[in-house]
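Since the structure comes first, as structure tokens, the remarks are kept for the end.
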Amino acid sequence: MPDPGPGVGPVPEHVAIIMDGNGRWAQRRGLPRVAGHRAGAESIRDVIKACRAWGIRYLTLYAFSTENWSRPLEEVSALMDLLVEYLDRELPELKREGVQIRAIGRWRDLPERQSRKVQAAIEATRANDKLVVAFALNYGGRGDIVDACRALAEEAAAGGGRPEDIDEESFRARLSTAGMPYPDLLIRPSGELRISNFLLWEMAYTEFRFDQVLWPDFRREHLRAAIDDFRNRRRTFGALPEQGR
Ligand code: FPP
């Protein structure tokens with residue numbers, strides 16, 4: 001499939017994706033669920049390349065939620081192995097392509113091997129500025145909000161701030177997405193119509209695009225279709241249409 005290109009018009013600055021449908025993709029082929037996750041890593045590769053080529057600046061991928069720990073141990077360990085495998089395989093090219101890796105969520109609480117790998121990938125790509133790819137790892141939107149509250153409370157308790165000084169900007173700066181713009185577009189493939197504890201604070205004005213395709217079949221043409229759809233949305237951020245930004 002030739003690159004469909006970004007098309008005419010602005011691209012969203014920040015795209016967030018809930019990479020759903022890996023298990024169903026595998027089941028339909030009579031394969032173990034992990035085969036779906038492995039195939040999903042290929043979709044990540046194509047989507048990153050397209051974002052890089054089309055000038056999208058931020059891509060946030062929901063790779064492992066705090067709720068995913070309750071899956072069978074075998075699947076959890078396969079996902080953990082896949083994370084290491086993915087970073088080992090992809091990091092050299094991501095580095096070359098100017099991609100900056102970030103992680104959001106309680107990723108430091110991943111098993112030591114994984115958290116070290118993630119830390120190393122963050123450090124190795126810190127100076128890159130073509131595209132930021134943020135992996136949500138051990139992430140939950142509610143947990144991230146609680147962590148931000150805790151950080152503010154600890155600072156206040158240590159004498160570093162007064163409750164009346166807390167505002168949306170100071171709160172935002174304590175989320176694990178601090179420094180990133182809010183997502184313009186959320187894409188969820190696989191037909192589910194939920195946000196599943198993803199970026200709860202950040203998605204207040206995000207445009208949603210739901211797609212039937214399963215994540216392992218998701219390619220840049222699906223991203224392109226989502227961007228076309230996004231371009232037809234009228235975003236007013238609560239103002240009147242004629243005031244819309
Ligand atoms: C949801 O599909 C997907 C996940 C829980 C994992 C997402 C992980 C990857 C795409 C690959 C791993 C890549 C890295 C970088 C770790 P599901 O299993 O819930 O699908 P289902 O709803 O069809 O069962």
Side-chain angles (χ1 to χ4, degrees), residues 15-51 59-95 97 99-122 124-125 131-141 143 186-199 210-220 222-223:
V15 175
I17 304 182
I18 300 178
M19 304 186 288
D20 195 16
N22 298 348
R24 275 163 285 171
W25 185 93
Q27 262 159 6
R28 285 177 197 175
R29 287 165 176 74
L31 298 169
R33 292 177 58 82
V34 63
H37 297 314
R38 190 173 291 280
E42 278 308 307
S43 307
I44 295 179
R45 192 179 155 79
D46 194 50
V47 165
I48 289 180
K49 278 177 174 292
C51 287
L59 173 68
T60 300
L61 299 169
Y62 207 178
F64 193 86
S65 74
T66 43
E67 290 73 29
N68 287 152
W69 293 111
S70 58
R71 294 193 175 199
L73 184 60
E74 191 188 318
E75 183 170 347
V76 170
S77 353
L79 280 166
M80 291 299 137
D81 288 347
L82 204 51
L83 174 60
V84 171
E85 195 183 308
Y86 172 83
L87 290 174
D88 283 344
R89 193 183 58 234
E90 301 292 329
L91 193 59
E93 190 176 339
L94 293 170
K95 264 161 88 172
E97 291 285 308
V99 173
Q100 184 187 130
I101 303 285
R102 275 190 66 152
I104 60 167
R106 295 174 181 162
W107 61 272
R108 291 180 184 81
D109 296 338
L110 290 173
E112 198 180 338
R113 179 154 178 256
Q114 279 68 24
S115 61
R116 276 176 188 270
K117 276 280 171 204
V118 171
Q119 178 78 51
I122 294 170
T125 60
L131 166 69
V132 173
V133 177
F135 288 95
L137 292 164
N138 195 19
Y139 178 87
L186 168 78
I187 302 172
R188 182 170 192 154
S190 97
E192 306 298 335
L193 307 177
R194 291 185 291 279
I195 58 171
S196 300
N197 203 15
F198 193 37
L199 302 174
F210 297 101
D211 199 322
Q212 292 300 320
V213 67
L214 302 176
W215 175 250
D217 291 326
F218 193 100
R219 288 294 178 272
R220 62 184 66 197
H222 301 101
L223 178 62

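Every heavy atom of this structure was used, including side-chain atoms; hydrogens, water molecules and symmetry mates were not. Both ligands and their constituent atoms are indexed starting at 1 by order of listing.
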Please check if the side chain of Arg24 supplies one atom and the backbone of Leu214 the other of a donor-acceptor pair under 3.5 Å.
-> no
Polar proximity ligand 1 side, Trp215 side, N/O cut 3.5 Å exclusive | no
Among all protein heavy atoms, pick out the one at the shortest distance from atom 13 (C) of ligand 1; state its residue, atom name and that distance to 0.1 Å.
-> Ile44 CD1, 3.8 Å
By number and element, which atoms of ligand 1 are closer than 4.0 Å to a non-hydrogen atom of Met19?
-> 1 (C), 2 (O), 3 (C), 10 (C)
So, the side chain of Arg29 versus the backbone of Trp25: is there a donor-acceptor pair under 3.5 Å, distance only?
-> yes
To atom 9 (C) of ligand 1, the nearest of Leu137, Asn22, Leu82 on a heavy-atom basis is Asn22
Which of the atoms of ligand 1 are close to Tyr86, meaning less than 4.0 Å from one of its heavy atoms?
-> 15 (C)
Determine, using heavy atoms of Arg33 and all atoms of ligand 1, whether some pair is separated by less than 4.0 Å.
-> yes
Any idea which of Glu85, Arg71, Gln27, Glu42 brings a heavy atom closest to atom 19 (O) of ligand 1?
-> Arg71
Relative to the heavy atoms of His37, which atoms of ligand 1 are at a distance of less than 4.0 Å?
-> 4 (C), 6 (C), 11 (C), 18 (O)
Centroid-centroid under 6.0 Å between Phe64 and Trp69 rings | yes
Using a strict 4.0 Å threshold on nitrogen-to-oxygen distance, state whether Glu85 and Arg38 make a salt bridge.
-> yes
Locate the shortest heavy-atom distance separating Met80 from Pro111; write the atom from each residue and the value.
-> SD-CD, 3.9 Å
Does ligand 1 have an atom under 4.0 Å from some heavy atom of Arg38?
-> no
Output yes when the distance from some N or O of ligand 1 to some N or O of Gly21 is under 3.5 Å, and no in every other case.
-> yes
Polar-atom distance check: Asn68 versus ligand 1, any N or O pair below 3.5 Å?
-> no
Are the side chain of Tyr139 and the backbone of Leu199 linked by a donor-acceptor contact shorter than 3.5 Å?
-> yes
Is the number of heavy atoms from other residues, nucleotides or ligands under 6.0 Å of Arg113 CZ greater than 12?
-> no
Is Gly23 close to ligand 1, meaning an N/O of one under 3.5 Å from an N/O of the other?
-> yes
More than 12 heavy atoms of other residues, nucleotides or ligands under 6.0 Å from CZ of Arg89: is that the case?
-> yes
From the candidates Asp20, Val118, Ile18, Leu61, the one that places a heavy atom nearest atom 2 (O) of ligand 1 = Asp20
Between Ile18 and Arg194 the two heavy atoms that sit nearest each other are CD1-O, 4.0 Å
Ignoring hydrogens and angles, tell me if any N or O in the side chain of Asp46 forms a donor-acceptor pair with the backbone of Arg220 under 3.5 Å.
-> yes
heavy-atom search around atom 22 (O) of ligand 1 in the protein gives Arg24 NH2, 3.0 Å
Which ligand 1 atoms are under 4.0 Å away from a heavy-atom of Ala63?
-> 6 (C), 7 (C), 8 (C)
